[in-house]
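Written below as structure tokens is the structure these notes are about.
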Amino acid sequence: MGEVTLKGVSAAPGVVAGAAVVLDHRATRDKRVVSPAERRDEAKRAVEALRLVASDLETIGGELRDAGRRDEAEIVETGVLIALDPQLTARVELLVTERGMHAADALWEAADHTALELSQVGDPTLALRADDVRSVGRRAAGRAAGTNPLASGGVLIANTLGPADVAELAPKVTGIALAAGGVTSHAAIVARSLGLPMVVGLGDGLGQVADGQEVVVDGDLGVLVANPGPERAASARAHAEAIRTARALAIERSAEPARTMDGRRIRVLANASTIAELEEATRQGAEGVGLMRTELLFLDAAAWPSLGEQVACFRPVLERLVGRTATVRIFDFGGDKTPPFLRGIAARGVEVLLDAPDALRIHLRALLEAAEGTELRILVPMVTTADQVRAIHRLLDRPVVVGAMIETPAAAENARAIARESDFLSIGTNDLTQLVLGLDREQSRKAPVLDVRVLRLVAEAMRAGNETGIPVDVCGEAASDARAMRVMVGLGADELSVAAARVGQVRQWIRELDYATCREESGKLLHEAGHASGERV
Ligand code: PEP
Ligand code: MG
């Protein structure tokens with residue numbers, strides 16, 4: 001078979017060639033019925049597959065725990081309990097012994113059945129568990145069929161993935177291709193942080209890719225190529241090598257400051273929420289953390305986490321930032337980051353927290369305790385009014401640097417008043433773009449931050465910060481996009497906070513910029529775009 005190219009959208013840069021690890025479609029359904037004489041052995045094989053999955057997950061959980069990634073370890077370890085669940089085991093055995101199903105199919109079927117039951121109970125926590133059960137079934141079926149995706153690693157092929165999935169699978173995965181998904185989904189953000197090439201929106205055609213088939217994921221062009229010819233495979237390998245070399249160069253130059261050719265100093269910070277990201281960012285010369293997404297550590301929480309739980313989660317990351325900038329964003333729950341206990345809420349970010357003042361007080365206390373010794377900056381998400389920032393200041397019992405995210409149209413419009421209550425501003429171009437243009441964050445096929453309607457609000461926020469004399473940071477994806485970052489610098493950004501894997505590249509881009517030219521270009525862009533759309537910018 002020749003090359004088959006599927007077009008999608010680039011969600012994380014880079015190119016990789018490798019064997020496909022198909023996660024959620026049954027590529028190898030075996031319709032033959034197992035003969036009665038063989039059913040006992042087949043059932044044993046199925047149960048053994050569940051045991052092997054439990055042991056795989058235990059090992060992975062242990063490795064994550066040893067690496068200080070306790071939150072991710074817990075997510076993985078839930079799977080151990082599911083794999084050893086007697087009810088699931090009994091169901092699998094029955095399907096083999098009574099219906100003559102092959103082990104892999106019985107595992108799929110039993111997991112599907114159990115998952116369906118869980119999702120129908122009407123309890124959001126259990127509904128969420130349904131996906132975990134399917135994931136265990138999928139792994140066990142792979143084990144029974146003699147394939148263990150996690151053992152061999154490769155290019156992950158799936159319909160959609162959550163941020164926890166990516167973090168869990170990342171150690172073995174070299175690239176990701178999704179049938180659905182959006183470029184600013186949190187799964188994509190985690191992939192970019194870890195430097196994994198990712199293409200999303202590949203559509204139903206992705207279902208034709210078989211487990212083990214050779215593929216190339218081109219995260220730069222946004223395509224997946226199945227059965228790549230020798231030339232393409234070689235070029236993908238060369239590209240991967242070039243990325244490795246660029247990374248090595250970034251590490252070599254990590255001590256050199258990021259200063260434009262005409263002398264403007266821009267601080268480059270990292271968007272990092274885990275030790276793995278922080279370590280990579282530091283290697284590449286990050287001057288601290290510009291965005292720690294605390295909510296990502298509690299996406300599976302069944303209730304507001306206690307003080308102790310939070311300190312235990314945040315401390316391992318923050319203790320590595322002693323003496324350095326640690327910008328910690330308070331929980332940004334809501335939208336695609338809604339834990340089970342908040343299912344159904346309409347609010348997002350600071351509004352959710354202000355509605356739960358006791359939980360917010362505990363959260364702030366935990367952050368102050370866990371960030372002891374760091375240059376802590378508290379960042380407030382989804383701000384819409386200056387009052388919200390004032391409320392956070394009031395709840396802190398000592399002077400702490402507090403900044404506001406400018407990521408809603410209301411925040412950009414109220415930027416002056418918000419700036420007066422804030423010690424710094426941080427522009428979240430991901431949400432701002434989606435909210436201004438009315439796109440769906442999960443499904444949007446591209447994030448056009450340079451659209452004049454978005455750019456005008458970004459410029460407004462920059463002006464407000466600059467005139468108030470407080471630093472302005474850009475922490476959305478625009479900060480690490482080759483074209484958009486020039487515009488952000490030109491509009492007056494003092495700091496760029498970018499995914500760990502992009503830190504070195506962004507620092508290098510800054511060294512190649514001329515600030516005066518960037519200012520002129522961004523001014524022109526605003527003017528021309530405003531002119532073209534008939535709007536005043
Ligand atoms: C943003 O919206 O740009 C941002 C940085 O926040 P998050 O991506 O976590 O929503
Ligand atoms: Mg946001």
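In listed order, ligands and their atoms are each counted from 1. Below, all heavy atoms of this structure are taken into account, side chains as well, without hydrogens, waters or symmetry copies.
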Exercise. Against heavy atoms of L291, which atoms of ligand 1 measure under 4.0 Å?
Worked result: 5 (C)

Problem set entry | Q284 side chain to G504 backbone, donor-acceptor under 3.5 Å | yes

Seminar exercise, completed: Checking heavy atoms under 4.0 Å, the part of I427 that sits near ligand 1 is neither

Problem set entry | Numbered atoms and elements of ligand 1 in range of E407, under 4.0 angstrom, heavy atoms | 1 (C), 2 (O), 4 (C), 6 (O)

For this session: Would you please determine whether Q434 falls within less than 4.0 Å of ligand 1 on a heavy-atom basis?
Result: no

Exercise. Got a salt bridge between E477 and R502, using NZ or NE/NH1/NH2 to carboxylate O under 4.0 Å?
Worked result: no

Seminar exercise, completed: Among the N/O/S atoms of D431, the Mg ion (ligand 2) lies closest to OD2

Exercise. So does E287 pair up with R265, basic N to acidic O under 4.0 Å?
Worked result: yes

Problem set entry | Check: M405 and M382 side chains under 4.5 Å, non-hydrogen atoms | no

For this session: Check R348 against ligand 1 and report side chain, backbone, both or neither, counting heavy atoms closer than 4.0 Å.
Result: side chain

For this session: Considering only NZ, NE, NH1 and NH2 on the basic side and carboxylate oxygens on the acidic side, decide whether R267 and D494 come within less than 4.0 Å.
Result: no

Exercise. Are side-chain N/O atoms of H393 and E421 paired as donor and acceptor at under 3.5 Å?
Worked result: no

Exercise. Name of the E407 N, O or S atom nearest the Mg ion (ligand 2)?
Worked result: OE1

Problem set entry | Minimum heavy-atom distance between G288 and R324, given as atom pair plus value | N-NH1, 4.4 Å

Problem set entry | Location of contacts on E477 toward ligand 1, heavy atoms closer than 4.0 Å | neither

Exercise. If we only count N/O pairs under 3.5 Å, is D431 in contact with ligand 1?
Worked result: yes

